[in-house]
2 protein chains.
Amino acid sequence: MSTFIQTKRLLKYRMGLIRLKQMGLEKVFSYTLGKEAGVSAELVRKDFSNFGIKGNRRGGYDIDDLLNSLEKIFGKDRVQNVVIMGMGNMGKALSQYRGFPDNKMNIVAGFDIDPAKINKKFQIPIYPVENLKEIVDAFHVSVAILAVPEIAAQESSDLLVRYGIKGILNLAPVLLKVPDDVVVNNVNLMVELERLMYHSGVLK
Amino acid sequence: MSTFIQTKRLLKYRMGLIRLKQMGLEKVFSYTLGKEAGVSAELVRKDFSNFGIKGNRRGGYDIDDLLNSLEKIFGKDRVQNVVIMGMGNMGKALSQYRGFPDNKMNIVAGFDIDPAKINKKFQIPIYPVENLKEIVDAFHVSVAILAVPEIAAQESSDLLVRYGIKGILNLAPVLLKVPDDVVVNNVNLMVELERLMYHSGVLK
DNA sequence: ATTTTATTGAGAAAATTTTCACAATAATAT
DNA sequence: ATATTATTGTGAAAATTTTCTCAATAAAAT
Ligand SMILES: NC(=O)c1ccc[n+]([C@@H]2O[C@H](COP(=O)([O-])OP(=O)(O)OC[C@H]3O[C@@H](n4cnc5c(N)ncnc54)[C@H](O)[C@@H]3O)[C@@H](O)[C@H]2O)c1
Ligand SMILES: NC(=O)c1ccc[n+]([C@@H]2O[C@H](COP(=O)([O-])OP(=O)(O)OC[C@H]3O[C@@H](n4cnc5c(N)ncnc54)[C@H](O)[C@@H]3O)[C@@H](O)[C@H]2O)c1
């Protein structure tokens, strides 16, 4: 029913709705929102229907109602604490991203094994990995962003799992072995760039 | 036939094969590679079959042969030049990523409208956007990474398209309007983190 | 009030993706 | 040499996702 791919679209609708609302709109039709999110109108309606979200026949959907429904589904009523493992180029960039706090995702701390990276006055505090348990417990963190080098990814993942992390956004180009109750979402920017080259026909 | 989703898997196989080769292996079975890439053995075989890649019945696949086939498909015989538009946190992090040159993707330049960002001695040269055409022509660039703020994304995209870019890896959380002959690959890290939270059940 | 119109909601159909099942066959064992 | 075994390759089946269709219906027009 609620597949991995569907949630991606729902979150895109949410983004689109926020944008449309900022533009002063109050109502939206499946067709409009579909265009905003790059999806067919039928699929927009089917997605909402699957999640029990109702519109008004002929009237379209009320943007505020839709946003409320979506924000209930995606827990936007509560701030979610997140940690970053590996404060190199990627980790640092992500730690400064305004989009996260704007969306109730609060990066509480970064961790690194490199002593030179620790305690550098930064957007967020950076600790040695020894402090992981302490912070995870104190802030009730259950989600982490993994931004360590490929070679260290599995061992870092094991550490995160040991201290109770249940979701890992993995930026390292490796498949992590985790227990069944832990979810990994892999984002591989190299693969995305390679795919783009292939599909844009520049490799011919 | 060659869908968007399939290329993602092929590139994961490629990554897995490189890793297995580094570990000293010379042959691989669909089952092994599938485990490495998080895919069923049948699907591995079907994917290869669809792209006309052959193994040896009972003997499995020869890793070097497979890599050759894949590198032919993904043009790894030639270096591809890429530019980055927007040299803020994200753009800078990406410009320093070793993985790109290691995979024959050569980041030739970054562009920014902020004068303070220009010509700072950096991994790669950073130019004002006025120099875009010149660099794109000189280096025959057809693919760009877009890392400007959401508000500037469409206008930057228009500029890239005007000067002949055919593929855009878009990190900004907006859907770009581009002509039919231009391909956009959207990577939205916020959506990926939100999705992870949803699917790891931490929002309940 | 009644008719017309635009849009949702959902079941059915189509398309796509994944798995199943097994014949073909190459390597190994007897 | 022959039999056994493991693995590929691929059509067929199953599952999933997307599109098609159209009845239901709320808003707007008459
Ligand atoms: N930089 C990019 O643009 C980019 C793009 C795509 C993917 N990635 C991937 O993201 C990951 C991070 O890339 P990066 O460029 O930030 O690398 P980086 O080398 O700049 O940073 C890695 C950081 O991790 C730390 N680290 C190493 N081992 C650790 C451990 N066991 N525990 C905690 N910290 C540890 C290092 O000290 C360093 O600070 C890599 O896996 C890379 O492949 C990066
Ligand atoms: N930083 C992150 O971790 C992160 C994560 C996810 C998504 N993103 C997205 O990536 C994009 C870049 O994020 P960032 O954090 O690097 O932002 P940033 O503000 O650090 O950098 C943006 C850069 O773009 C430049 N710029 C602005 N308008 C421009 C224009 N018209 N032409 C050329 N350059 C221009 C700015 O001068 C700045 O240097 C944003 O769209 C953001 O939403 C960033």
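Chain identifiers are assigned alphabetically (A, B, ...) following the order of the sequence lines, protein sequences preceding nucleic acid strands; residue numbering begins at 1 within each chain.
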Kindly check if the number of other-residue, nucleotide or ligand heavy atoms within 6.0 Å of NZ (Lys76(A)) is above 12? yes
Asn50(A) CG to dT8(C) P: how many Å, rounded? 16 Å
Carboxylate-amine/guanidinium proximity below 4.0 Å for Asp77(A) and Lys104(A): no
Are OP1 or OP2 of dT19(C) and a side-chain N or O of Ser40(B) less than 4.0 angstrom apart? yes
Closest nucleotide of DNA chain C for Asn56(B) versus for Ile53(A): which of these residues is on the 5' side? Ile53(A)
Whole-Å distance between dT19(D) P and Tyr31(A) OH? 14 Å
Donor-acceptor side-chain pairing of Glu192(A) and Asn188(A) below 3.5 angstrom: no
Could you tell me whether Lys177(A) and Asp158(A) make a salt bridge, using a distance below 4.0 angstrom between a side-chain N and a carboxylate O? no
Distance below 4.0 Å between Lys54(B) side-chain N/O and dT10(D) OP1 or OP2: yes
Just the rounded figure in Å: distance from P of dT7(D) to NZ of Lys27(B). 12 Å
Taking for Gly55(B) and for Val39(A) the nucleotide of DNA chain D with the nearest heavy atom, the one nearer the 5' end belongs to Gly55(B)
Starting from P on dA12(C), measure out to CD on Glu42(A) and report it in whole angstrom. 18 Å
Donor-acceptor pair under 3.5 Å: do we get one between Arg57(B)'s side chain and the base of dT25(C)? no
Go through dA27(C), dC20(D), dT8(C) for me and flag the one nearest to the Arg45(A) side chain. dT8(C)
Output yes when at least one side-chain N/O atom of Ser49(B) is less than 4.0 Å from OP1 or OP2 of dG9(D), else no. no
Within the 4.0 Å heavy-atom criterion, would you say Lys46(B) contacts the bases, only the backbone, or no part of the nucleic acid? base
Interatomic distance, Leu66(A) CG vs dT8(C) C1' [rounded to whole Å]: 12 Å
Classify the side chain of Arg58(B) versus the base of dT28(C) as yes if they form a donor-acceptor pair under 3.5 Å and no if they do not. no
Under 4.0 angstrom between Tyr61(A) side-chain N/O and dA6(C) OP1 or OP2: no
Quick one: Asp47(B) CG to dT16(C) P, roughly how many Å, whole number? 16 Å
Report, as yes or no, whether the 6.0 Å neighbourhood of atom NZ on Lys21(A) holds more than 12 heavy atoms from other residues, nucleotides or ligands. no
Whole-Å distance between dA13(D) C1' and Leu43(B) CG? 16 Å
Interatomic distance where NZ belongs to Lys35(A) and P belongs to dT7(C) [whole Å]: 13 Å
